[in-house]
Amino acid sequence: GWLPPPFPPGATPPPPPPSPPFPPPALPDDAFGGILRLLSLTAQLNIASVCSMWHNGVQAYFAAERSLNLAPVSAQLTDSALDAIVKQRPQLHELSLFGCTRISDRGLLALHPCRTIRRLNIGCLPLVTSEGIAALAQALDLHDLELSGCTGMRLDVPSLTRHFERFLEMSTDEDGLDAVQG
């Protein structure tokens, strides 16, 4: 249908708003980081594809990130994806892979160069073995390691218990599976 003119006949429309500067002004790093902290990893990766400035901002945020919980993307996370993710985060101190059921010993190998990790949750990873955990324990100076629900591991690996004996608490869950908790 017909719409009336937006301005009375003979009136001059207001001028258009000024064009934003190009490229758009950069957000301060702390503001951009604050926004990224509120978003999921998937959203952060999507934002990185908007433009080179945002890509660089996301990369800088990843490089400074000290704590990362990958449980929300557990169904999609693979060994190779974990490798790519940790390479972008050299300052990680805490990492949770809880329930990331597609992660195996090969994925744990990707963590070996991450010398700053002190707290690690690899609970409920059925593909992780005692050998993979023992190798990780030797590579990193972990202060806290959560292993409960790792059904693919044996608790009789001497290098594993020797490295974590000060943290080790053995228990038997209701379902009869042994759990190691730190």
- Can you tell me which residue pairs pass the side chain to side chain donor-acceptor pair (under 3.5 Å) test with a partner in residues 81-91, sequence neighbours excluded? E65-R89, D83-K87

- Message: To the nearest 0.5 Å, what is the distance between CD1 on I133 and CG on L125?
- Response: 8.0 Å

- Message: Contact between F62 and L92 at the side-chain level, heavy atoms closer than 4.5 Å - yes or no?
- Response: no

- Query: Is I117 close to V86 at the side-chain level, that is, under 4.5 Å between some pair of heavy atoms?
  - Reply: no

- Message: Measuring only between side-chain heavy atoms, which start at C-beta, is N56 closer than 4.5 Å to V58?
- Response: no

- Should D79 and L82 be marked as a side chain to side chain contact (heavy atoms under 4.5 Å, CB included) after you check the CA-CA gap, both sets of side-chain angles, and the distance that decides it? CA-CA 5 Å; D79 291 333; L82 176 61; 5.6 Å; no

- Start with the C-alpha distance between R118 and H93, add both sets of side-chain angles, then the distance that settles side-chain hydrogen bond (donor to acceptor under 3.5 Å, both in side chains), and finish with yes or no. CA-CA 5 Å; R118 298 295 177 257; H93 286 243; 5.9 Å; no

Show which side-chain atoms of residues 105-114 pair as donor or acceptor with protein atoms under 3.5 Å away, not counting sequence neighbours.
from	atom 1	to	atom 2	distance (Å)
D105	OD1	T129	N	2.9
D105	OD1	T129	OG1	3.4
D105	OD2	T129	OG1	2.3

- Query: For L77 and C100, which heavy atoms make the closest approach, and how far apart are they?
  - Reply: CD2-SG, 3.7 Å

- Query: In the single-linkage hydrophobic clustering (I, L, V, M, F, W, Y; side-chain heavy atoms under 4.5 Å), do L97 and L127 co-cluster?
  - Reply: no

- Applying side chain to side chain contact (heavy atoms under 4.5 Å, CB included) to P90 and not counting sequence neighbours gives A63

- Item | Which atom of G99 lies closest to which atom of S74, heavy atoms considered | O-CB, 3.4 Å

- Which value, rounded to the nearest 0.5 Å, describes the distance between L136 atom CG and I122 atom CD1? 6.0 Å

Side-chain atoms of residues 36-44: list all donor-acceptor pairs with protein atoms under 3.5 Å, sequence neighbours left out, distances to 0.1 Å.
from	atom 1	to	atom 2	distance (Å)
S40	OG	A43	N	3.1
Q44	NE2	L36	O	2.7
Q44	NE2	L39	O	3.4

- Query: Considering only heavy atoms from C-beta outward, does the side chain of Q76 approach that of V73 to under 4.5 Å?
  - Reply: yes

- R102 (side chain) donor-acceptor with A75 (main chain) under 3.5 angstrom: yes

- Item | Contacts of S96 that satisfy side chain to side chain contact (heavy atoms under 4.5 Å, CB included) - sequence neighbours left out | N69, F98, N121

- Who are the side chain to side chain contact (heavy atoms under 4.5 Å, CB included) partners of R119, not counting sequence neighbours? E94, D144

- Message: Rounded to the nearest 0.5 Å, what separates atom CD1 in I35 from atom OH in Y61?
- Response: 11.5 Å

